[in-house]
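A quick write-up on the structure given underneath.
Because only heavy atoms are used, hydrogens play no part in the values below, and waters and symmetry mates are left out as well, while side chains stay in.
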Protein chains: 2
Amino acid sequence: MTSLGEGEYALLDQSWHDAITPDAARRMLIAAAHAFADKGYHATTTRDIAARAGMSPAAVYIHYRSKEDLLFQISKVGHERSLKVLTAVQDPDPRDRMAKTVAAFARWHAEFRTTARVVQYELGSLSPEHHAVVAELRRKIETHVRQIVEDGVKAGSFETPDQNGTALAVLSLCIDVARWYRPDGKRTPEDIGTLYADLALRMLSKSV
Amino acid sequence: MTSLGEGEYALLDQSWHDAITPDAARRMLIAAAHAFADKGYHATTTRDIAARAGMSPAAVYIHYRSKEDLLFQISKVGHERSLKVLTAVQDPDPRDRMAKTVAAFARWHAEFRTTARVVQYELGSLSPEHHAVVAELRRKIETHVRQIVEDGVKAGSFETPDQNGTALAVLSLCIDVARWYRPDGKRTPEDIGTLYADLALRMLSKSV
DNA sequence: GTCTATAGCCCGATAGAC
DNA sequence: GTCTATCGGGCTATAGAC
């Protein structure tokens, strides 16, 4: 017995399928991701996680060294996926590249809100060694968005008084979707992506 | 002995001075706000709070019913202050009103990052009754920003395909400052306010 | 109003049977 | 690989002296 509907499990199972095996380890990780996203890492007990995965508390330690190791796996794979969402966009035009990138990144933070919340809000619960690993991934994400802004300014497509500040703001806007998005709200993840792509282009527009 | 410099205490003491008395209660609350902002509510122990305030663990319960009550006081006063920052802005021109409002709200989330982090990221740790109180304050904050957008569109100053969505994005942008801002970074709270006011106006600009 | 001491509970992690 | 049982420790909150 679990506290999730079959649909939700199926969706998440799909998204973690290639990253985590065997099956029991993946079930445990998905249970942990939901618990961490719902209540936060420190408010979640290993008993919560085990109960959600339909196993005994001791089963956690068959596949993971510790509760923190479980957090690290979620955070690492989550960061890798969100980075891949960015780098998958390939478009020669800076405006189109920015629009597609922002749409995809904002959409990801809504669609995979559970993982995104753990990725964005539980960094401080990682061990120093594990934090260093995801910090490197975060640096790549920031650099990637800065580069798109820089390319657009050089190509004459964008105009801004502060390139890095605006790149930071665009990233920040997308990331914060994980905080406020609710699956039962009016806007779909795709709606949010479309709106945010427009807003990002306005933020970098040449005419104000 | 505390883990904060005198300057930091003086600043925060100033900001909580009229809201919380007596002195020991205020010291405890400031210690709790810093601990909650640094490590999160659930990772913070009453021993942490007491140690930061330079008192014994039992002293927490002289002025507060529970650890959660301490969180509620911080969250309630913090929400009230951030709402006041918004409503203090009075300007007849919609563009100027929006610019000043965003500058002040973004700046507040940087300048009072400690309180802001508790306000924005510990809602889920409040009891249902206490959560309802701050939820009402949050509704007022959202409504206030929506109203400025609506006024600007009616006056012909703003143009947007989605009024509520853009109002939400502007709020979200300001709130997320509490997540990424570091006092030792390059940008001052005032810099951030200035940049964000410009970005908000671009997001609502008539010419794209 | 503040302290020391501790009750009572729950946590993360492990031992050992199957 | 999964279970039941449990250890050792840290947690919130309270009792009672001063």
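- Applying the salt bridge (Lys or Arg N to Asp or Glu O under 4.0 Å) test to pairs two or more places apart or on separate chains, those with a residue in residues 117-136 of chain A are E136(A)-R139(A).
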Would you tabulate the nitrogen or oxygen pairs shorter than 3.5 Å linking the protein to nucleotides 16-18 of chain C?
none

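- Of the side-chain N and O atoms in H63(B), one or more sit less than 4.0 angstrom from OP1 or OP2 of dT2(C).
- Partners of N164(A) by side chain to side chain donor-acceptor pair (under 3.5 Å), not counting sequence neighbours: none found.
- At whole-Å resolution of the value, NZ in K67(B) and C1' in dC9(C) are 15 Å apart.
- For the pair K76(B) and E80(B), the salt-bridge criterion is met [side-chain N within less than 4.0 Å of a carboxylate O].
- Taking the six-membered ring for Trp and thresholds of 30 and 60 degrees, W108(A) and F112(A) have ring planes inclined between 30 and 60 degrees apart.
- As a whole-Å value, the separation of F36(B) CZ from dT12(D) C1' is 12 Å.
- For residues 45-80 of chain B, the set of pairs meeting the ring-ring contact (aromatic ring centres under 6.0 Å, His included) definition, not counting sequence neighbours, comprises F72(B)-H130(B).
- Listed nucleotides: dT2(C), dC11(C), dA13(D). Nearest to the side chain of T45(A): dC11(C).
- Listed pair Y61(A) / dA13(C) meets the phosphate criterion, a side-chain N or O lying under 4.0 Å from OP1 or OP2.
- Summarising the geometry, the separation between CD on E68(A) and P on dA13(C) is reported as 9 Å, rounded to the nearest angstrom.
- Listed by first and then second residue, the salt bridge (Lys or Arg N to Asp or Glu O under 4.0 Å) pairs involving residues 161-177 of chain A are D162(A)-R187(B), D176(A)-R179(A) (not counting sequence neighbours).
- I49(A) contributes atom CD1, which lies 13.0 Å from atom CD1 of I30(A) (distance to the nearest 0.5 angstrom).
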Using a cut-off of 4.0 Å between protein heavy atoms and nucleotide atoms, how would you tag nucleotides 3-9 of chain D 5' to 3' with B, S and -?
-> BB-B---
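- Defined by atom type and a distance below 3.5 Å, a donor-acceptor pair is missing between the side-chain atoms of R97(A) and Q147(A).
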